[in-house]
Amino acid sequence: MACQGLQKGETLASLSRESDNLKKKLEEERAKLNDVELHQVAEKTEVLNALTIKTRRVLKGHGNKVLCMDWCQDKRRLVSSSQDGKVIVWDGFTLNKEHGVALPCTWVMACAYAPSGCAIACGGLDNKCSVFPLSLDPNENLAAKKKSVAMHTNYISGCTFTNSDMQLLTSSGDGTCALWDVESGQLLQSFHGHTADVLSLDLAPSETGNTFVSGGCDKKANVWDMRSGQNIQSFESHDSDINCVKYYPSGDAFASASDDSTCRFYDLRADREVAIYQKDSIIFGASTVDFSLSGRLLFAGYNDYTINAWDVLKGTRVSILFGHENRISRVRVSPDGTALCSASWDNTLRIWA
């Protein structure tokens, strides 16, 4: 079957050799344009002082590992999903639980707040991504209003609304990402290009927001055009699974976190990796990353229960945040940049400021 389309004199081995040669040539061409490193450019910028942030709130209520969280645009509420099959909407100021939804399956691996703050989406091992409208009535049965939007052939690893409540972007263990219409549940566009599970995705931070980046178990980070479904850029420099990808606030670059204990920074305009954030003392995988509002800091959560804050320009570690008692599954900076929320396998979320 695999050999049906081969021309005369071609074998799989010869094609694979040709592909490797082309990859080498591409790398050589990229290297020619590589004139200066990011930390060299940043030598004259001032050194950052150590961060003085600490835990201000601990959100307790999940009965198992917290797998995902997302901030609402109102900078106050947040949603979290857990291995206990529950999705909880919190008030970050008062610690009140405003809504709770029990899903039919455990391992709710993805959750997201709609831009308007009037709905949440979540999905996981049931291969579905569902949308729940939120209302002000605390006694309302949310589960009854559930709308199944996305269907994959394997688990949902990530979901995010595009710049409106009407479209939902999902990534899945089936190796694809997909764009869905929330109202009708129709598939608008699918994105094929990963050769293994896709573990994370992030939408470009612009009003038009026509591109997004995804990372997965094939060690690749791919940038996609949402209108055409085409893979427009691809980066492959990690030695292990990419657990998380996150756009730089300007949209011109993105960072990735991997099981190889490193975080990497890619410039889309230069079409290459421009920085690696690593230390010999860090031997555990990095599970999640997010940028500060200015883009000067990169917060990374690790499997050794710590969060490291890196200076994006200089590539040095600014500080380490301790507090969680199990691995970090998610870090997210609030929309106004004043706080950081972390979700962990110790069943809690923490808000740092």
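Small disclaimer: the values here were computed from a predicted structure and weren't measured. The residues of the chain are indexed from 1 along the displayed sequence.
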Exercise. Does any pair with a residue in residues 170-206 pass ring-ring contact (aromatic ring centres under 6.0 Å, His included), and if so which ones, sequence neighbours excluded?
Worked result: H152-W180, F191-F212, F191-W224
Problem set entry | Neighbour count above 12 (heavy atom, 6.0 Å) for E236 CD | yes
Under 4.5 Å side-chain heavy-atom separation, chaining through any Ile, Leu, Val, Met, Phe, Trp or Tyr, what else clusters with [X]? Say none if it is isolated.
X: V47; answer: none
X: F322; answer: I320
X: Y155; answer: L67, W107, M109, L125, L199, W345
X: L48; answer: L51, I53, L297, F299, I307, V318, L321, I328, V331, V333, L340, W352

So, do [X] and [Y] sit near enough that their side-chain heavy atoms are less than 4.5 Å apart?
X: V87; Y: V79; answer: yes
X: L95; Y: L59; answer: yes
X: I242; Y: S200; answer: no
X: V108; Y: T106; answer: no

Exercise. What side-chain hydrogen bond (donor to acceptor under 3.5 Å, both in side chains) pairs are there with at least one residue in residues 76-89, not counting sequence neighbours?
Worked result: H62-S80, H62-D84, D74-R77, R76-D91, R77-E98, S80-W90, S82-D84
Exercise. Can you pull the side-chain hydrogen bond (donor to acceptor under 3.5 Å, both in side chains) pairs that have at least one residue in residues 40-55, sequence neighbours excluded?
Worked result: T55-R350
[X]: which residues meet the salt bridge (Lys or Arg N to Asp or Glu O under 4.0 Å) condition with it, sequence neighbours left out?
X: R296; value: D311
X: E18; value: none
X: R272; value: none

Side chains of residues 115-122: which donor-acceptor partners sit under 3.5 Å, not counting sequence neighbours?
residue: S116; atom: OG; partner: C118; partner atom: N; Å: 3.1
residue: S116; atom: OG; partner: D165; partner atom: OD2; Å: 2.3

For this session: Using the test ring-ring contact (aromatic ring centres under 6.0 Å, His included), find all partners of Y266 that sit at least two apart in sequence or belong to another chain.
Result: F235, F254
